[in-house]
S.K.: 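Here it is, the structure, as structure tokens.
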Amino acid sequence: MRDAPQTRERGLDHLRVARLLEANGDVIGAICAYREAMREGPASAATEALLRIADLARRV
């Protein structure tokens, strides 16, 4: 159970990076970072990442 806090932090870090990339118009980078957040983050971060990916996909 030691890895859980580190995994949560990494997932949240990926979510922050994804938001920055999205804000700067880097759609592909944002999608990749959101996918990492889905893999590593808590359920709420994963859900947010899925929603943001769907929104980005509609814009492309």
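Below, all heavy atoms of this structure are taken into account, side chains as well, without hydrogens, waters or symmetry copies.
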S.K.: Hydrophobic cluster membership, with links at side-chain heavy-atom distances under 4.5 Å among I/L/V/M/F/W/Y: are M38 and L51 in one?
M.R.: no
S.K.: L12 and side-chain contact (heavy atoms from CB on, under 4.5 Å): which partner among E9, R16, R10?
M.R.: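 Among the candidates, only R16 passes.
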S.K.: With sequence neighbours left out, what residues match A30 under side chain to side chain contact (heavy atoms under 4.5 Å, CB included)?
M.R.: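 Only L21, E22, Y34, L56 meet the side chain to side chain contact (heavy atoms under 4.5 Å, CB included) criterion with A30.
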S.K.: With sequence neighbours excluded, tell me which residues meet side chain to side chain contact (heavy atoms under 4.5 Å, CB included) with E36.
M.R.: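 Scan of E36 (side chain to side chain contact (heavy atoms under 4.5 Å, CB included), adjacent residues dropped) gives H14, R39, E40.
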S.K.: Please enumerate all residues that pass salt bridge (charged side-chain N to carboxylate O under 4.0 Å, His left out) together with D26, with sequence neighbours excluded.
M.R.: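 Result, salt bridge (charged side-chain N to carboxylate O under 4.0 Å, His left out) vs D26: none returned.
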S.K.: Does a sphere of radius 6.0 Å around CZ in R35 hold more than 12 heavy atoms from other residues, nucleotides or ligands, not counting ones at 6.0 Å or beyond?
M.R.: no
S.K.: Can D55 and R52 be counted as an ion pair, charged N to O under 4.0 angstrom?
M.R.: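 So D55 does not pair with R52 through a salt bridge.
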S.K.: Check whether any side-chain heavy atom of R59 sits under 4.5 Å from a side-chain heavy atom of V27, and report yes or no.
M.R.: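 Not in contact.
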